[in-house]
Amino acid sequence: IMKTMKKLILTLLMGAAVFGTTNANIVANISAEVGTTVSTSSHRNGLLLRGDSTGYFLDLSSDIGGGEVGFGFNMVDLHGGGNDFDFSFSYGRSFNILGEDLYTDFYYNEFDSQFGNWEEIGVATSYSTQWVDVAGGIWKQVGGSGQFGLKVVLSKGFQVINENPIITPYIESNFAEDFQSYVSGAKIDYDLGNDLSLNLGVSLKNNTADGGYNIDGEWGYAIGLKKKF
């Protein structure tokens, strides 16, 4: 399996490199990002998706119609055996409301999970101040338990030494029909140059969901590498 994974990520990197050097002849303003992440656990809206895993992702985006269209693909090697696949589509743009710029994102996500698969639609908006970045959104599961919820995220990135690394502590809360969840943690992004970056993350998760989705004060860790083209 690991040989297959290595071959896949190499193929994605080579494909994105070719794409990045030829996209000017095809469609303007297209960018690609590829990478891999090893994590002890993954969550969505505070619900547990999967345990120990290694993910390989490819994200494509383009400026269209005054906004940005994005496609994301993620293949996950479960360390306990098997593979998961995630897909995302989004359209985001800035809106000026009462003199303030709010970035709003409309999205569709499809997730595999160790405890059941589901699709999700939602809308999220964000606003930045000098002291804190505020993001809020409404999401709805399509399939699965069909949950409807509200998400609020508070975060702020700051530089430690010159411009590297950037540390972003955050707090996320979800208020759904059948559960509540709280996630706190921090992300560290270190620019290695040439659009290559190292990413580290630690989080503490807790929710009141039932069954396999439940998380009761669980720590999670992740390390990743990504390249932009």
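Below, all heavy atoms of this structure are taken into account, side chains as well, without hydrogens, waters or symmetry copies.
- Note on W118 and F179: same hydrophobic cluster, where clusters join Ile, Leu, Val, Met, Phe, Trp and Tyr whose side-chain heavy atoms are under 4.5 Å apart, directly or indirectly.
- Using a cut-off of 4.0 Å between Lys/Arg side-chain N and Asp/Glu carboxylate O, R50 and D86 are scored as salt-bridged.
- Of the possible polar contacts, one joining the T125 side chain to the Y103 backbone as a donor-acceptor pair under 3.5 Å is found.
- Side-chain contact check for T37 versus T54: every heavy-atom pair is 4.5 Å or farther apart.
- In this structure, CG in L198 is found 5.0 Å from CD1 in I223, a value given to the nearest 0.5 Å.
- In this pair, F71 and F89 present their aromatic rings tilted. The plane angle is within the 30 to 60° band.
- Closest non-hydrogen pair, R44 versus Y107, comes out as NH2-CE1, 3.6 Å.
- A donor-acceptor pair under 3.5 Å is formed between the side chain of N206 and the backbone N or O of G217.
- Proximity of a side-chain donor or acceptor of N207 to a complementary backbone N or O of A209 within less than 3.5 Å is detected.
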Determine, stepwise, if the pair F87 / F73 fulfils ring pair (Phe, Tyr, Trp, His ring centres under 6.0 Å).
-> CA-CA 5 Å; F87 168 77; F73 306 89; 5.4 Å; yes
Under the side chain to side chain donor-acceptor pair (under 3.5 Å) criterion, do K151 and S173 qualify, and how do the steps go?
-> CA-CA 6 Å; K151 176 186 293 186; S173 298; over 6 Å; no
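- Of the possible donor and acceptor atoms, one in the side chain of T129 sits under 3.5 Å from a partner among the backbone N and O of V132.
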Side chain to side chain contact (heavy atoms under 4.5 Å, CB included) between I166 and I188, intermediate numbers included = CA-CA 6 Å; I166 296 178; I188 302 176; over 6 Å; no
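- Closest approach of D133 and S128 over heavy atoms only: OD1-OG, 3.0 Å.
- Taken to the nearest 0.5 Å, the NZ atom of K226 stands 4.5 Å off from the CD atom of E33.
- Here the closest non-hydrogen pair linking E172 and G46 is OE2-N, 3.9 Å.
- One hydrophobic cluster, built from ILVMFWY side chains closer than 4.5 Å, holds both L47 and L49.
- Cluster membership for L192 and V38, using ILVMFWY side-chain heavy atoms within less than 4.5 angstrom, is shared.
- Counting heavy-atom neighbours within 6.0 Å of K187 NZ, excluding the residue itself, gives a total of 12 or less.
- Heavy-atom minimum distance, G220 versus K205: CA-NZ, 3.5 Å.
- Between S88 and N109, the shortest heavy-atom contact is CB-OD1, 3.0 Å.
- The line from CG of L150 to CZ of F148 is 7.5 Å long, rounded to the nearest 0.5 Å.
- The environment of I171 atom CD1 is sparse: at most 12 non-hydrogen atoms of other residues, nucleotides or ligands sit within 6.0 angstrom.
- Relative to the ring axis of F229, K227 places its NZ or CZ within 45° and under 6.0 Å from the centre.
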Apply the test side chain to side chain donor-acceptor pair (under 3.5 Å) to residues Y108 and E119: give CA-CA distance (whole Å), side-chain angles for both, the deciding distance (0.1 Å), then the verdict.
-> CA-CA 7 Å; Y108 164 84; E119 301 168 47; 2.8 Å; yes
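- Relative to the ring axis of Y91, R93 does not place its NZ or CZ within 45° and under 6.0 Å from the centre.
- Annotation for S155 and Y170: closest pair CB-CB, 3.7 Å, computed over non-hydrogen atoms.
- Heavy atoms from other residues, nucleotides or ligands lying under 6.0 Å from NZ of K156 number more than 12.
- Cluster membership check: V152 does not share its hydrophobic cluster with V183, using side-chain heavy-atom separations under 4.5 Å among Ile, Leu, Val, Met, Phe, Trp and Tyr.
- V202 and F158 fall into different hydrophobic clusters, where Ile, Leu, Val, Met, Phe, Trp and Tyr residues are linked whenever their side-chain heavy atoms come under 4.5 Å apart, directly or through other members.
- To the nearest 0.5 Å, atom OG of residue S197 and atom CG of residue L225 are 7.0 Å apart.
- Checked by atom type and distance alone, the side chain of N174 never pairs as donor or acceptor with a backbone atom of S181 at under 3.5 Å.
- Going from atom CG of L78 over to atom OG of S53 covers 6.5 Å, rounded to the nearest 0.5 Å.
- Using a 30° and 60° split on the angle between ring planes, Y182 and F175 fall in the perpendicular class, above 60°.
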Would V142 and I121 satisfy side chain to side chain contact (heavy atoms under 4.5 Å, CB included), going step by step from the backbone distance to the final call?
-> CA-CA 7 Å; V142 181; I121 57 174; 4.3 Å; yes
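- No hydrogens or angles considered: a donor-acceptor pair under 3.5 Å links the side chains of S31 and S61.
- With contacts defined as side-chain heavy-atom distances shorter than 4.5 Å, the pair E68/S62 does not qualify.
- Taken to the nearest 0.5 Å, the CG atom of D105 stands 4.5 Å off from the OG atom of S90.
- Between the side chains of Q147 and N45, no donor-acceptor pair of N or O atoms lies under 3.5 Å.
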Step by step, work out the side chain to side chain donor-acceptor pair (under 3.5 Å) result for D189 and N199.
-> CA-CA 5 Å; D189 298 305; N199 317 109; 2.7 Å; yes
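- Proximity of a side-chain donor or acceptor of T40 to a complementary backbone N or O of Y221 within less than 3.5 Å is detected.
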